[in-house]
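These notes are about the structure you will find just below.
The first residue of the sequence shown is numbered 1, and numbering continues consecutively from there.
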Amino acid sequence: AELVAGTRNGKIYRVTTHDLSFTEVLVSRIQAIDAVAFGPRSDVFCTASKDGSVRMWDLSEYVVLARISCQAEPLCLHFVSERILLSGWSDGFIRCHDMDQGKLLWEIVGAHRGGVTALQGDADIVVWGGEDNVVRLWSPRSRE
């Protein structure tokens, strides 16, 4: 098994879990990487960078498939499905994007005072926590 690790210097490494050997696979021009998330497909992952961008990468070619950006810093990521990505941001927003289209589907404004630091969810429920030490639950279907 392997995993991917991102560093504050914008480097991405492939790490073999059985012996922890690693190979540098990419040096990026983006700033430090705060979060990495894999979706249902093992050949695609997303990174969150201090430069305000989220990038979706193809692991077989190590190329960027999609990019979204914001004035804030993305702090955490979670795939809901193969193409739908939830992201928590330093401005307290939660954003949901269709990464295939690079399109914002919805956002929760002011989900926290301070940044959204952790989130998980699916089509029925999203749970997240923030810098204000609060955990919240939300239903995408009912918007409550």
What closest approach, in Å, do [X] and [Y] show between heavy atoms, and which atom pair accounts for it?
X	Y	value
Val54	Leu85	CG1-CD2, 3.6 Å
Ile33	Lys11	CD1-O, 4.2 Å
Leu104	Cys96	CD1-O, 3.5 Å
Leu86	Val80	CG-CG2, 3.5 Å
Cys46	Phe79	SG-CZ, 3.5 Å
Leu119	Gly88	CD2-N, 3.3 Å

Answer whether the closest heavy-atom distance between the side chains of [X] and [Y] falls below 4.5 Å.
X	Y	value
Leu3	Thr17	yes
Asp91	Gln71	no
Val64	Trp57	yes

Inset, instruction - Please round to the nearest 0.5 Å and tell me the distance separating atom CH2 of Trp89 and atom OG1 of Thr117. - result: 15.0 Å

Legend entry - Gap between atom CZ of Arg136 and atom CD1 of Ile94 - 0.5 Å precision: 9.0 Å

Legend entry - All salt bridge (Lys or Arg N to Asp or Glu O under 4.0 Å) counterparts of Lys50, not counting sequence neighbours: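 Checked Lys50 against salt bridge (Lys or Arg N to Asp or Glu O under 4.0 Å); matches are Asp34, Glu73.
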
Inset, instruction - Taking His78 for its side chain and Gly121 for its backbone only, find out whether a donor-acceptor pair lies under 3.5 Å. - result: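 Yes, the answer is positive, given that a donor and an acceptor are paired below the 3.5 Å cut-off.
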
Inset, instruction - Please answer whether the main-chain N or O of Leu65 pairs with a side-chain N or O of Asp58 as donor and acceptor at a distance below 3.5 Å. - result: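 No, Asp58 side chain to Leu65 backbone: no donor-acceptor pair under 3.5 Å.
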
Legend entry - Parallel, tilted or perpendicular: rings of Tyr13 and Phe22 (30°, 60°): perpendicular

Inset, instruction - Just say parallel, tilted or perpendicular for the rings of Trp138 and Trp106, cut-offs at 30° and 60°. - result: tilted

Inset, instruction - Answer with yes or no whether the hydrophobic clustering places Leu137 together with Val135; edges join I, L, V, M, F, W, Y residues whose side-chain heavy atoms lie under 4.5 Å apart. - result: yes

Legend entry - Verify same cluster id: Leu77, Ile84 (apolar side-chain graph, 4.5 Å): no

Inset, instruction - Start with the C-alpha gap between Leu59 and Arg41, add the side-chain angles, then the distance that decides, and say whether side chain to side chain contact (heavy atoms under 4.5 Å, CB included) holds. - result: CA-CA 10 Å; Leu59 252 181; Arg41 292 177 39 196; over 6 Å; no

Inset, instruction - Go through the steps to decide whether Ser53 and Arg55 satisfy the test side chain to side chain donor-acceptor pair (under 3.5 Å), and finish with yes or no. - result: CA-CA 6 Å; Ser53 70; Arg55 289 180 168 93; 2.8 Å; yes

Inset, instruction - With sequence neighbours excluded, tell me which residues meet side-chain contact (heavy atoms from CB on, under 4.5 Å) with Thr16. - result: Glu2, His18, Asp19, Ser21

Inset, instruction - Walk me through it: do Val116 and Cys76 pass the test side chain to side chain contact (heavy atoms under 4.5 Å, CB included)? - result: CA-CA 7 Å; Val116 177; Cys76 54; 4.2 Å; yes

Inset, instruction - Kindly determine whether Ile68 and Met99 satisfy side chain to side chain contact (heavy atoms under 4.5 Å, CB included), including the steps that lead there. - result: CA-CA 8 Å; Ile68 57 173; Met99 292 303 291; 4.2 Å; yes

Legend entry - Salt bridge flag under 4.0 Å for residues Arg83 and Asp98: yes

